[in-house]
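So you know, we letter chains A, B, ... as the sequences are listed, proteins then strands, and number each from 1.
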Amino acid sequence: MNYWLFKTEPDEFSIQQLASSPNHTARWDGIRNYQARNFLRDRVQAGDLVLIYHGKIKQAGVVGTAQVVSPAYADPAQFDAGSPYYDPKSSGSAPRWFCIDIQWQDTFVEPVLLDWIKEQHELSNMMLLKQGRLSVQLVTEPESRCILQKSQRR
DNA sequence: GCCAACGTTGGC
DNA sequence: GCCAACGTTGGC
């Protein structure tokens, strides 16, 4: 079982939208970065815990949790010429991009802010702080525990 | 909305 | 296969 941090912009797809999706479940798609793709394709498994992160806002931070509920599969948007995620170089026999389904678990009463994360010595090695742009990141068990505990503390 | 960081593209 | 140019990301 792995722990992940998935980044999203609340204007694009927020944790509230995930929570209000049918069965609290939605496809996490549109990943068009090879490092993130490799994580999705090779490492993400059903049952993994996901920290949902809202970025590109003033109070960026982890806003809740979700659970992975499918294995990786070819992202249908890459074959859809009308989609912003269309990739003409991808083919059905050799899909380039992958996605998964996740199910909403919890929305924190208050987000665990990036500002707070930066202050924690035990979180100083988080990929979030080293490679801010990566949208799918591996989180260690102690890191995720630290953030989850903070979310319950208020 | 600025701009630094970084990933991708494409000419050579 | 190098690397400069370019585009995108995301915190501020």
Practice problem: May I ask you to decide if the ring planes of F13(A) and W28(A) are parallel, tilted or perpendicular, using 30° and 60° as cut-offs? | Solution: perpendicular
Starting the side chain at C-beta, find the nucleotide from [options] nearest to [X].
X       : options                  : value
L114(A) : dG7(B), dT8(B), dC12(C)  : dC12(C)
Y53(A)  : dC6(B), dT8(B), dG11(C)  : dG11(C)
D115(A) : dT9(C), dG11(C), dC12(C) : dC12(C)
N33(A)  : dC6(B), dC12(C), dT8(B)  : dT8(B)

Separation of atom [atom1] in [X] from atom [atom2] in [N], rounded to whole Å:
X       : N       : atom1 : atom2 : value
R133(A) : dC6(B)  : CZ    : P     : 8 Å
K89(A)  : dG10(B) : NZ    : P     : 6 Å
L128(A) : dT9(C)  : CG    : P     : 17 Å
Q35(A)  : dA5(B)  : CD    : C1'   : 14 Å
H54(A)  : dT9(C)  : NE2   : P     : 17 Å
K58(A)  : dG10(C) : NZ    : P     : 16 Å
Q137(A) : dT9(C)  : CD    : C1'   : 13 Å
R32(A)  : dT9(B)  : CZ    : C1'   : 17 Å

Self-check item: Closest-nucleotide ordering on DNA chain B, the 5'-leading residue of K56(A) and Q131(A)
Solution: K56(A)
Exercise. Side-chain contact test, heavy atoms from C-beta onward, threshold under 4.5 Å: evaluate it for F6(A) versus I102(A) and give yes or no.
Key: yes
Self-check item: Of L128(A), V63(A), V62(A), the residue whose pairing with L51(A) passes side-chain contact (heavy atoms from CB on, under 4.5 Å)
Solution: V62(A)
Quiz item: Shared ILVMFWY cluster between Y53(A) and Y3(A), side chains joined below 4.5 angstrom?
Solution: yes
